[in-house]
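Have a look at the structure below before the remarks.
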Amino acid sequence: MVTKKIAVLFSGSGTNLENLFVKLHNKIFNGVKIEIVLTICNKENAGGIDKSLKYGVKPVILKHKEFASRDDFDKKLVEVIKNADVDLCVLAGFMRILTPHFTKNVKAINIHPSLLPLFKGADAIRQSYDANAKKAGASVHFVNEELDGGEVIAQKSFVREVNMNYEEYEANIHKIEYEILPKAVVELLVNNNFISR
Ligand code: GAR
């Protein structure tokens, strides 16, 4: 059987990481098995570390603060990812801007909690909520050197109801993330959609 290997990078609570383990890890899609072989975290106390351990994958902790430059950090990142020989790298709440060294050497996608190109960067959920956006959602995009700027490959939205509080709004966005990120991985790795990019 063909096995497609993925790496998942995260910085925080790791709910998207866990969702990927639940929906994709060691599961077979159209005769193709997907395996999360590597997880990488840049924060030593991130909640996602325990989640990864729970599914039997010990995260590689690379503390960016211990590297002299962004380039040095990315060189190490690329080395670890290349050694794992993965088919795709998935950024699931990995809060780092990546250098051209990374983007030229690693095929990667990212989940972002807004309808890109709107509300790039950190705190996108808060940004869009405070801007009174009538529609909200999440996007999956290819990673390039521009923060949250690569080509969008999946997006889903909902219409914001009047009086929707922040917690409901945020929960709706996360629900969409948990749906579209694993789907995009399967599209890329199993159905060969977007493969030429
Ligand atoms: C997610 O909402 C993800 O979209 C966002 O960080 C959160 C991570 O949560 N990523 C970005 O904002 C990237 N610019 P999680 O650790 O619980 O998956």
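Since the structure is predicted, the reported quantities are computational estimates derived from the model, not experimental observations. First listed ligand is number 1; within each ligand, the first listed atom is number 1.
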Using a 4.0 Å heavy-atom cut-off, say whether Asp148 meets ligand 1 through its side chain, its backbone, both or neither. side chain
Can you confirm, on distance only, whether ligand 1 has an N/O atom lying under 3.5 Å from any N/O atom belonging to Thr15? yes
Give the atoms of ligand 1, by number and element, whose distance to some non-hydrogen atom of His174 is under 4.0 Å. 2 (O)
Of all the heavy-atom pairs spanning Asn42 and Arg96, show the shortest one and how long it is. ND2-CD, 3.4 Å
Which residue and heavy atom of the protein sit nearest atom 13 (C) of ligand 1, plus the separation: His112 ND1, 3.6 Å
Which residue owns the protein heavy atom closest to atom 4 (O) of ligand 1, what's the atom, and how far is it? Glu177 OE2, 2.3 Å
Report yes or no: do Thr103 and Asn144 form a side-chain donor-acceptor pair below 3.5 Å? no
Do Ile125 and Phe119 have side chains that get closer than 4.5 Å, going by heavy atoms? no
Protein contact of atom 10 (N) of ligand 1 - nearest heavy atom, named by residue and atom, plus distance: Ile111 O, 3.7 Å
Identify which of Gly121, Pro113, Ala46 has a heavy atom lying nearest to atom 5 (C) of ligand 1. Pro113
With a 4.5 Å heavy-atom cut-off, do Leu188 and Ile153 have their side chains touching? yes
Is it true that, when you exclude Asn165 itself, more than 12 heavy atoms of the residues, nucleotides or ligands shown sit nearer than 6.0 Å to its CG? yes
A side-chain contact here means heavy atoms from C-beta on lying under 4.5 Å apart; do Leu189 and Val32 qualify? no
Which ligand 1 atoms does Ser13 reach within 4.0 Å, using its non-hydrogen atoms? 15 (P), 16 (O), 17 (O)
Identify the protein heavy atom lying closest to atom 6 (O) of ligand 1, giving its residue, its atom name and the separation to 0.1 Å. Gly93 CA, 3.7 Å
Show the numbers, then the answer: is there a salt bridge (Lys or Arg N to Asp or Glu O under 4.0 Å) between Asp74 and Arg70? CA-CA 6 Å; Asp74 278 14; Arg70 201 176 275 283; over 6 Å; no
Judged by non-hydrogen atoms, does Gly14 sit under 4.0 Å from ligand 1? yes
Just jot down the ligand 1 atoms closer than 4.0 angstrom to any heavy atom of Met95, in number order. 10 (N), 11 (C), 12 (O), 13 (C)
What part of Lys120 sits under 4.0 Å from ligand 1 if we count only heavy atoms: the side chain, the backbone, both or neither? neither
Do the side chains of Lys54 and Glu18 get nearer than 4.5 Å, heavy atoms only? yes
